[in-house]
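One structure is given here, and the rest of the page talks about it.
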Number of protein chains: 2
Amino acid sequence: MKNKDIKILLVDDEPDILEIIGYNLSIEGYQVITAENGIQAIKKAKKERPQLIILDVMMPEMDGIEACEQIRKIPELSNTIITFLTARGEDYSQMAGFDAGADDYITKPIKPKVLTSKVKALLRRLKDEEPSEAILKIGGLIINREEYKISNKGKEIILPRKEFELLSLLATKPNKVFKREEILDKVWGNEVVVGGRTIDVHIRKLREKIGDDCFKTVKGVGYKFVD
Amino acid sequence: MKNKDIKILLVDDEPDILEIIGYNLSIEGYQVITAENGIQAIKKAKKERPQLIILDVMMPEMDGIEACEQIRKIPELSNTIITFLTARGEDYSQMAGFDAGADDYITKPIKPKVLTSKVKALLRRLKDEEPSEAILKIGGLIINREEYKISNKGKEIILPRKEFELLSLLATKPNKVFKREEILDKVWGNEVVVGGRTIDVHIRKLREKIGDDCFKTVKGVGYKFVD
DNA sequence: TAGGATTATTAACAAATACTTTACAAAAAA
DNA sequence: TTTTTTGTAAAGTATTTGTTAATAATCCTA
């Protein structure tokens, strides 16, 4: 399923928030639908059948919690993922939210990267049936894909996105050789065209940061991660 | 392995949590064992040999981290999967947990669906290890096409691509004679034109590396791999 | 939103390795 | 014996990857 086939319903009473989140999501190619209160949200949810609903907790008319409960009662939307928008630290609302049937929550203020990776992670559940394994452990390396974080022998490392994804890919199957083609497909996307040395350069950076011997070159084929 | 053959040790000091998680797991058919602190947990783990341990981080007597470390030292439990229960957002505990040898963590509050699918995912790791078609075994030779690796009588050998593919081809049907034509087709591609000695040279290199007698020449026809 | 920092890509060249050919020797077949 | 086919070593060619630095794109902050 491509992003453009995915509808996200965004519910918040502040137009600014709708604007900014909506903008970020649409950059990623999602179809964004908005609503400004719970009642509208339920109406639109029924009509549009979004795959994901992002719901502000605090809203006039009908708050997010109640809206969530209502939506959860709609059978056609049983597969819809609902996530709350909540101010940082509002613990009680998380609790109430989960009771109401929410799948996750996002705290405000929202960083675009966090938002999009969270959305991606949530949508992945749709396909996977089971929530994807967000955490990979190989040797002394821990890769937390949900939080885009890596720790190597207890030391945290921040990797740029492409490097992270490349490492992530290789680490899903240690010792398996990933063909360059395959890497391009999975990390860059099969329609993107990049020069011939791009992968090598990223590998080089990973070798620098994680350790030279973790990455093995198989000439004529590709690279593998070894532990 | 059926669910009823799987033991899960659940460790938390709050009886309520034990109750609710235990209930959900037993619905799925798992055998659930409980403990209320780290010391008890270790004792029960030794005795019952559970496949999975769900361990609360914060506990009186002995906390989850320490319990985890202790359990990891028990050789019989080396295959046991340990996952932590942690309050949302407690980042430090995650990290400490991994250092202690945990495989994953689950955040509270826990949604039954998340719990069960996570458990499923974790247990899937146990079964893995299935030999795929990517691996060929002939005599003392193991050809791993996924890892582009060869081991001959336990000794690992790295082969260049063409050699690897040539060997790979011959090994798919031991004792079958592959005509030179056929070899060219399959390894080089039918439009590539190479000189008359190319195959021989590659065979020679394989004989050097794998063993002279593995490759038999059938004059006027081609080569075969014998074990 | 300008500009400074970071990240991604490209280009150009070096280095490593793989592959092919050559030339001739050896072996087998005719 | 002559002819054909294969074995071998070394040289030569081609391909692939490593590396660096420069440039482009992007992100982030003030």
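What you see is a predicted model; the values in this text were computed from it and never measured. The chains referred to below are lettered A, B, ... by the order of the sequence lines, with proteins before strands, and numbering in each begins at 1.
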Task: Side-chain-base donor-acceptor pair under 3.5 Å for A:Lys219 and C:dA16 - done: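 Side chain to base: pair found, below 3.5 Å.
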Open item on the list: Counting neighbours of CZ on A:Arg207 that are heavy atoms of other residues, nucleotides or ligands and sit closer than 6.0 Å, is the number greater than 12?
Closed with: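 Atom CZ in A:Arg207 is crowded, with more than 12 foreign heavy atoms closer than 6.0 Å.
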Given atom [atom1] of [X] and atom [atom2] of [N], what is their separation to the nearest angstrom?
{"X": "A:Leu166", "N": "C:dT9", "atom1": "CG", "atom2": "P", "value": "11 Å"}
{"X": "B:Glu208", "N": "C:dA18", "atom1": "CD", "atom2": "C1'", "value": "15 Å"}
{"X": "A:Lys216", "N": "D:dT17", "atom1": "NZ", "atom2": "P", "value": "13 Å"}
{"X": "B:Arg180", "N": "D:dT5", "atom1": "CZ", "atom2": "C1'", "value": "8 Å"}
{"X": "A:Tyr148", "N": "D:dC27", "atom1": "OH", "atom2": "P", "value": "12 Å"}
{"X": "B:Lys209", "N": "C:dT17", "atom1": "NZ", "atom2": "C1'", "value": "11 Å"}
{"X": "A:Leu184", "N": "C:dT9", "atom1": "CG", "atom2": "P", "value": "10 Å"}
{"X": "B:Lys162", "N": "D:dA14", "atom1": "NZ", "atom2": "C1'", "value": "11 Å"}

Does [X] make a side-chain N or O approach to OP1 or OP2 of [N] shorter than 4.0 Å?
{"X": "A:Arg207", "N": "D:dG18", "value": "yes"}
{"X": "B:Arg197", "N": "C:dA23", "value": "no"}
{"X": "A:Thr198", "N": "C:dA8", "value": "no"}
{"X": "A:Trp188", "N": "C:dA8", "value": "no"}

Of the nucleotides [options], which one has an atom closest to the side chain of [X]?
{"X": "A:Glu163", "options": "C:dA27, C:dA11, C:dA8", "value": "C:dA8"}
{"X": "A:Lys205", "options": "C:dT9, C:dT22, D:dT16", "value": "C:dT9"}
{"X": "A:His202", "options": "C:dT20, D:dT16, C:dA8", "value": "C:dA8"}
{"X": "B:Thr217", "options": "D:dG7, D:dT17, C:dT9", "value": "D:dG7"}
{"X": "A:Tyr223", "options": "D:dT17, D:dT6, C:dT9", "value": "D:dT17"}
{"X": "A:Arg161", "options": "D:dG7, C:dA8, C:dA16", "value": "C:dA8"}

Task: Closest heavy-atom pair and its distance - A:Tyr148, A:Glu165 - done: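 Scanning both residues, the minimum pair turns out to be OH-OE2, 3.1 Å.
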Task: Which atom of B:Leu170 lies closest to which atom of B:Tyr223, heavy atoms considered - done: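 Heavy atoms of B:Leu170 and B:Tyr223 come nearest at CD2-O, 4.0 Å.
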TODO: With B:Lys162 as the cation and B:Phe164 as the aromatic partner, state whether NZ or CZ is under 6.0 Å from the six-membered ring centre and within 45° of the axis.
DONE: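 Judged by the rule, B:Lys162 and B:Phe164 form no cation-pi pair.
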Open item on the list: Ring centroids only, cut at 6.0 angstrom: are A:Phe225 and A:Phe215 within range, meaning strictly under it?
Closed with: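 Close enough - the centres of the two rings lie under 6.0 Å apart.
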